[in-house]
Amino acid sequence: MADDVNDVTDDETNESSEAQIAVHWREENYYEPPAALTAQANASDPAIRDQFTEDKFPDCFTAYADLLTWYKPWDTVLDTSTAPFWKWFVGGELNASYNCVDRHMETHPNKAALIWIPEPETEAHQAITYRELYVRVNEFAAVLKDLGLKAGDRITFHMPMVPELPVAMLAAARLGIVHSQVFAGFSGTAAGHRIADSGSTVLVTMDGYYRSGDLLDHKVKADEAVEAAAREGQHVDTVLVFRRYPGQYSAKTPMVEGRDVFVDDLLPAHKGEVVEPTRLSATDPLFLMYTSGTTGRPKGCQHSIGGYLSYVAGTSKYYQDIHPDDTYWCMADIGWITGHSYIVYGPLALGTTSVIYEGTPNYPDAGRPWRIAQQLGVNIFHTSPTAIRMLRKVGPDEPAKYNYHFKTMTTVGEPIEPEVWRWYYETVGKGEAAITDTWWQTETGGFLGSTLPGIDKMKPGSCGPAALGIYPVILDEDANEVPKGSGKAGNICIRAPWPGVFQTIWGQPERFVSTYYAKYNKDPESKDWHDWPYFAGDGALEAADGYFRILGRVDDVINVAGHRLGTKELESAALTVNEVAEAAAVPVIDDIRGRVVEMYISLKPGVEASADVENKVKVAIETDIGKIARPKNIWIVPDMPKTRSGKIMRRVIAATSNFTDTGDISTLANPEVVEKIREQVQSAKRAKGEVPRELSETEEHEIKSFGQE
Ligand code: WTA
């Protein structure tokens with residue numbers, strides 16, 4: 001409260017922006033890698049690190065590129081001449097589709113490339129062999145070619161978790177068409193913004209898919225998407241509609257004459273057609289993956305063919321420990337970077353079997369994932385802390401009922417609490433699997449921090465040391481290095497480039513430089529990578545043993561269940577409601593989803609607060625972004641706490657929503673409003689039983705400094 005003392009300085013021009021905080025947390029005990037895993041691991045000798053020491057940079061990464069088949073080898077491993085737009089494997093030529101499909105079709109055609117599990121348990125799973133994948137990718141590539149699409153064009157997918165999605169990605173990659181897959185849970189409008197931003201003329205979607213027992217109408221979103229894109233001046237010529245049940249339409253929305261076409265109607269004309277993979281340059285783009293940032297406009301992270309594919313193949317081999325005869329299941333959605341890198345491109349580049357599940361993990365019950373693992377003999381499992389927390393809550397004893405054996409288990413997307421880590425290790429992994437806690441981002445293409453599962457000891461709550469060839473540094477606001485073992489946190493940066501790093505933000509090269517490289521660059525003209533540390537936007541600290549602990553975002557991004565939502569995106573959606581004058585989104589600590597969003601609204605003069613306005617805000621957010629962004633609560637308040645220059649103090653309302661100390665509010669223009677809001681929000685939350693547990697020190701820091709960048 002206002003009269004509590006704390007050390008957060010609060011003056012309107014210089015609010016506390018200290019990225020460096022002292023963190024005191026209990027050192028966790030180490031867990032040894034399981035001996036049986038080490039005995040068969042791709043990385044079993046610690047000497048592997050010697051091949052990736054800084055004196056061997058950048059050539060060390062040719063070990064990853066050598067996992068691929070190249071039409072023409074590269075001339076230059078790393079070209080820094082257009083810093084910080086790094087170019088990897090320059091002069092090299094390859095095709096991602098060839099590497100993920102054709103070459104395995106030649107060596108092991110009858111092995112399953114994908115196994116698809118429909119959500120309804122009454123529907124049989126489908127195993128798609130490399131030979132069959134080859135046929136399907138070629139036929140769909142023929143469809144795309146027929147539409148006149150060619151290398152460099154963009155195509156948007158708004159597809160659920162069905163095998164048609166990787167087929168479509170690999171078909172696009174075959175022709176060099178840059179794909180942009182939008183998470184199916186995003187709204188049609190969100191897909192439309194991304195269609196417009198990328199300049200796509202073709203949208204690929206599906207009529208419906210299952211989620212928690214319901215066959216959802218997904219086609220309706222295509223109509224919204226096309227309209228939203230048109231409002232931004234982008235015309236979509238063709239909407240290709242896959243059908244969940246070919247020959248039978250599962251959506252209610254009518255097909256639009258001349259624009260919408262069923263893919264299963266087009267395919268017979270291309271039966272057995274072969275489309276030669278296009279020879280593409282290593283530095284050509286493979287795909288765009290949109291992510292949120294601090295402005296309303298999403299960022300289309302552009303990934304390269306050669307660098308990206310090398311990096312995901314290498315990290316899949318050493319960190320997922322994928323061998324060709326493994327059955328690997330990553331429960332993420334292909335609509336996020338995790339699915340691109342570690343369901344599709346990495347595992348398939350290595351020729352393994354990758355499992356795809358259509359539905360929600362706990363449908364029809366909390367035993368579902370473990371039944372799938374048992375049924376298919378899954379031995380590598382990959383999921384997020386949110387899914388682990390949820391499965392632990394709804395079915396803590398379920399894993400023991402099933403007979404499966406994992407050798408490694410991955411977690412990604414958010415920090416994992418040590419208690420949750422231990423349940424994952426002991427109950428899900430039955431004490432016999434290594435956990436790899438992998439820290440990375442949409443922008444980074446692949447893992448930046450993780451343990452090597454056959455070599456490194458694990459430490460709950462820490463992702464582990466830097467990945468091979470990655471040289472992180474933690475810097476304070478003045479660019480001083482925060483030494484390891486100091487117990488202090490700062491901004492984690494990566495000093496040198498790596499092949500998986502994104503090439504640019506589509507259409508926003510200045511934003512690429514200013515967001516990720518400008519912060520610690522002292523010479524904008526420099527062509528030397530040493531001058532361009534990559535700013536990840538995460539707070540972190542390095543323990544004495546070189547293990548990193550990631551604390552979370554330092555920008556205005558809220559990580560909900562491992563999905564990044566920008567406050568500006570949420571707020572601009574709320575502001576589309578006519579009655580709304582001001583909106584502010586803040587994170588609330590949540591035991592399952594990590595963080596959830598609460599939205600504060602003030603209304604235009606003369607407008608009364610009502611459930612109707614609240615509902616309009618909710619609908620606006622769902623329409624603009626999607627259900628995943630739906631705020632837990634919407635608070636209509638008389639006024640927002642503001643600085644004298646009129647800036648909304650998000651940290652004050654964040655503290656209110658989290659029942660923590662609001663810090664010094666004496667410099668606010670309207671300090672009296674803080675108490676009013678506190679009374680209103682906290683009593684309503686108490687009545688709903690939403691008082692959160694006591695926050696940890698780092699959580700408290702995050703809340704108290706929220707929105708101060
Ligand atoms: C967070 C997901 C702690 C982090 C691959 C990062 C993590 C953001 C971890 C990227 C982890 C990701 N431990 N935090 N193992 N992995 N994060 O782009 O804040 O969806 O910046 O990529 O998630 O989210 P994105």
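Just so you know, these numbers use all the heavy atoms, side chains as well, and skip hydrogens, waters and symmetry mates.
At least one donor-acceptor pair under 3.5 Å links the side chain of Lys56 to the backbone N or O of Asp50. Side-chain atoms of Thr567 come within 3.5 Å of backbone atoms of Asp556 as a donor-acceptor pair (strictly under, hydrogens ignored). Looking at His323, its side chain does come within 3.5 Å of a backbone N or O of Gln40 through a donor-acceptor pair. Although no hydrogens or angles enter the test, the distance criterion places a donor-acceptor pair under 3.5 Å between the side chain of Asp153 and the main chain of Lys150. Judged by distance alone, with hydrogens and angles left aside, the side-chain atoms of Arg103 form a donor-acceptor pair with the main-chain N or O of Ala349 at under 3.5 Å. A side-chain donor-acceptor contact under 3.5 Å links Thr444 to the backbone of Gly446. The closest donor-acceptor contact from the side chain of His340 to the backbone of Ile334 lies under 3.5 Å. The closest donor-acceptor contact from the side chain of Asn42 to the backbone of Tyr318 lies at 3.5 Å or more, if one exists at all. The closest donor-acceptor contact from the side chain of Asn521 to the backbone of Asp531 lies under 3.5 Å. Checked by atom type and distance alone, the side chain of Arg154 pairs as donor or acceptor with a backbone atom of Ser198 at under 3.5 Å.
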Could you walk me through whether Met458 and Trp421 pass side chain to side chain contact (heavy atoms under 4.5 Å, CB included), step by step?
CA-CA 10 Å; Met458 301 161 260; Trp421 191 102; 3.6 Å; yes
Would you check, one step at a time, whether the test salt bridge (Lys or Arg N to Asp or Glu O under 4.0 Å) holds for Lys457 with Asp545?
CA-CA 11 Å; Lys457 293 176 180 144; Asp545 57 10; over 6 Å; no
Go through the steps to decide whether Trp529 and Tyr471 satisfy the test ring pair (Phe, Tyr, Trp, His ring centres under 6.0 Å), and finish with yes or no.
CA-CA 12 Å; Trp529 62 257; Tyr471 315 115; 7.1 Å; no
Between Tyr98 and Leu68, is a side chain to side chain contact (heavy atoms under 4.5 Å, CB included) present by the stated rule, with each step listed?
CA-CA 10 Å; Tyr98 177 84; Leu68 306 179; over 6 Å; no
Any chance you could lay out the side chain to side chain contact (heavy atoms under 4.5 Å, CB included) test for Thr438 and Thr338, step after step, and finish with the verdict?
CA-CA 10 Å; Thr438 59; Thr338 303; over 6 Å; no
Would Thr386 and Ser384 count as a side-chain hydrogen bond (donor to acceptor under 3.5 Å, both in side chains) here? Give the steps.
CA-CA 5 Å; Thr386 289; Ser384 65; 4.9 Å; no
Full working for side chain to side chain contact (heavy atoms under 4.5 Å, CB included) between Tyr534 and Tyr517
CA-CA 5 Å; Tyr534 169 82; Tyr517 292 100; 3.7 Å; yes
Run Tyr424 and Thr383 through side-chain hydrogen bond (donor to acceptor under 3.5 Å, both in side chains) and show every step you take.
CA-CA 10 Å; Tyr424 196 32; Thr383 192; 6.0 Å; no
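Shown here for Gly91 and Asp75, the closest heavy-atom pair between the two residues is CA-OD2, 3.5 Å. In terms of heavy-atom proximity, Trp532 sits nearest to Ser526 at NE1-O, 3.0 Å. Pairing each heavy atom of Cys493 with each of Leu475, the nearest pair is SG-CD1, 4.1 Å. Closest approach of Gln441 and Ala536 over heavy atoms only: NE2-O, 2.7 Å. Residues Ser200 and Thr156 approach most closely at OG-OG1, 2.7 Å, considering heavy atoms. Ala173 and Leu286 get closest at one heavy-atom pair: CB-CD1, 3.7 Å.
Judged by distance alone, the side chains of Asp55 and Thr53 do bring a donor and an acceptor atom under 3.5 Å apart. Inspection of the Thr410 and Thr436 side chains reveals an N or O donor paired with an N or O acceptor under 3.5 Å. A side-chain donor from one of Tyr516 and Glu443 sits under 3.5 Å from a side-chain acceptor of the other. For the 3.5 Å distance criterion, the side chains of Tyr328 and Gln320 qualify, holding a donor opposite an acceptor.
Checked against Glu702 for a salt bridge (Lys or Arg N to Asp or Glu O under 4.0 Å), the options Arg553, Arg651, Arg595, Arg650 give a single hit: Arg595. For the side-chain contact (heavy atoms from CB on, under 4.5 Å) with Leu350, the qualifying choice from Cys100, Pro324, Ser316 is Ser316, the only one to do so. Each of Trp88, Trp498, Phe61, Trp70 was evaluated against Ser310; a single residue qualifies, Trp70, per the side-chain contact (heavy atoms from CB on, under 4.5 Å) test.
Both tests do not hold together for Arg495 against Phe57: distance to the six-membered ring centre under 6.0 Å, angle to the ring axis within 45°.
At most 12 non-hydrogen atoms from other residues, nucleotides or ligands lie less than 6.0 angstrom from CG of Asn29.
In this structure the side chain of Pro277 reaches within 4.5 angstrom of the side chain of Arg174, judged on heavy atoms.
The ring of Trp336 has its center closer than 6.0 angstrom to the ring center of Phe186. Checked against a 6.0 Å centroid threshold, the rings of Tyr290 and Phe183 do not count as neighbours. For Tyr319 and Trp440, the gap between ring centers reaches or exceeds 6.0 Å. Aromatic ring centroids of Tyr64 and Phe52 lie under 6.0 Å apart.
The aromatic rings of His303 and Tyr308 lie tilted to each other, with the angle between the two planes from 30° to 60°.
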